[in-house]
Amino acid sequence: MKSGEMARLTQFVENEVIQAFATYATIVVLKMMLMSVTTSYFRLTRKAFDNPEDTASFGKGENAKKFLRTHPDVDRVRRCHLNDLENIVPFFGIGLLYALSGPELSSALLHFRIFTACRILHTFAYLIPLPQPSRGLSWAIGYVVTFSMAYNVMKSVLYL
Ligand SMILES: N[C@@H](CCC(=O)N[C@@H](CS)C(=O)NCC(=O)O)C(=O)O
């Protein structure tokens, strides 16, 4: 790599908004990945599986077949995971564009922190579950934050 390119890359990595985005994006993506482990935990403790081969360790033939079933706790954590996908994937894409569009650090941090807090709250509200509107509000505020970042991207780089 040429030294000019190297210097630009170093500048990019040292940019505080990029660092903040990398931090909060990693936190929310890890949180989302945790939903897979939580699903496995609920599947094993509730003995509820989708695939015949997964029930093999619980017996043979008809005995194992009874564990090919749904369970409300497994369904709940899967809905929570799906909701993360619907919200964290857009945050990742829009958030990266936003971070690259040169926002103020304070305003970027405010967006990233509110979104992250909302998604953590949404998970607790969904899994405990907490009474509504806790889940609805945590989803809606996180959604508005992503929209606000999209608006800021459009405002600063609009090129039609
Ligand atoms: N795909 C969502 C779209 C709307 C949404 O994300 N609503 C929030 C607040 S009520 C939610 O937590 N929905 C539950 C879910 O996605 O399972 C749904 O079917 O509800």
Side-chain angles (χ1 to χ4, degrees), residues 16-58 64-160:
E16 285 173 299
V17 174
I18 300 292
Q19 288 178 349
F21 174 72
T23 305
Y24 286 99
T26 304
I27 293 172
V28 286
V29 168
L30 283 177
K31 190 228 75 69
M32 179 168 73
M33 288 172 67
L34 211 58
M35 304 318 292
S36 303
V37 184
T38 315
T39 307
S40 296
Y41 169 78
F42 280 122
R43 280 198 186 287
L44 288 165
T45 53
R46 275 59 170 177
K47 295 195 175 68
F49 302 93
D50 277 347
N51 309 298
E53 64 274 22
D54 299 345
T55 63
S57 52
F58 294 98
K65 260 192 197 154
K66 67 173 190 273
F67 300 121
L68 280 178
R69 59 187 178 187
T70 56
H71 189 283
D73 294 344
V74 174
D75 289 345
R76 180 173 284 275
V77 73
R78 279 165 64 83
R79 290 196 302 276
C80 187
H81 195 169
L82 181 61
N83 197 276
D84 272 351
L85 283 164
E86 289 173 13
N87 291 276
I88 291 173
V89 173
F91 168 83
F92 197 93
I94 302 279
L96 181 61
L97 294 176
Y98 170 69
L100 293 172
S101 71
E104 287 290 328
L105 177 64
S106 57
S107 136
L109 277 173
L110 194 66
H111 281 86
F112 301 157
R113 284 175 179 160
I114 294 177
F115 183 85
T116 303
C118 281
R119 290 317 299 178
I120 293 170
L121 268 173
H122 182 272
T123 304
F124 281 110
Y126 216 156
L127 297 188
I128 290 178
L130 298 176
Q132 284 281 35
S134 51
R135 173 164 51 84
L137 275 179
S138 55
W139 166 76
I141 298 170
Y143 198 82
V144 168
V145 167
T146 303
F147 250 93
S148 165
M149 292 192 300
Y151 171 77
N152 279 289
V153 171
M154 290 297 225
K155 210 172 66 177
S156 56
V157 301
L158 191 67
Y159 186 99
L160 290 172

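Counting convention: from 1, in listed order, for ligands and their atoms alike. Sequence positions, counted from 1, serve as the residue numbers for this chain.
Legend: residues meeting side chain to side chain donor-acceptor pair (under 3.5 Å) with Ser107, ordered by chain and number and at least two apart, are Tyr98. Residues passing the salt bridge (charged side-chain N to carboxylate O under 4.0 Å, His left out) test with Arg46, sequence neighbours excluded: Asp73.
Asn152 places a side-chain N or O within 3.5 Å of a backbone atom of Ser148 that can act as its donor or acceptor partner.
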Go ahead and list the nitrogen or oxygen contacts between ligand 1 and the protein that come in under 3.5 Å, distances to 0.1 Å, or just say none.
residue, atom, partner, partner atom, Å
ligand 1, 1 (N), Glu86, OE1, 2.9
ligand 1, 1 (N), Glu86, OE2, 3.2
ligand 1, 6 (O), Asn83, ND2, 2.8
ligand 1, 6 (O), Trp139, NE1, 3.0
ligand 1, 12 (O), His122, NE2, 2.9
ligand 1, 12 (O), Arg135, NH1, 3.1
ligand 1, 16 (O), Asn83, ND2, 2.7
ligand 1, 17 (O), Tyr126, OH, 2.6

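Pairs passing the salt bridge (charged side-chain N to carboxylate O under 4.0 Å, His left out) check and including a residue from residues 118-133, sequence neighbours excluded, read Asp84-Arg119.
Note on ring orientation: taking the six-membered ring where Trp is involved, the planes of Phe49 and Phe58 are tilted (angle from 30° to 60°).
The six-membered or imidazole ring of Tyr143 lies near that of Phe147, with a centre-to-centre distance under 6.0 Å.
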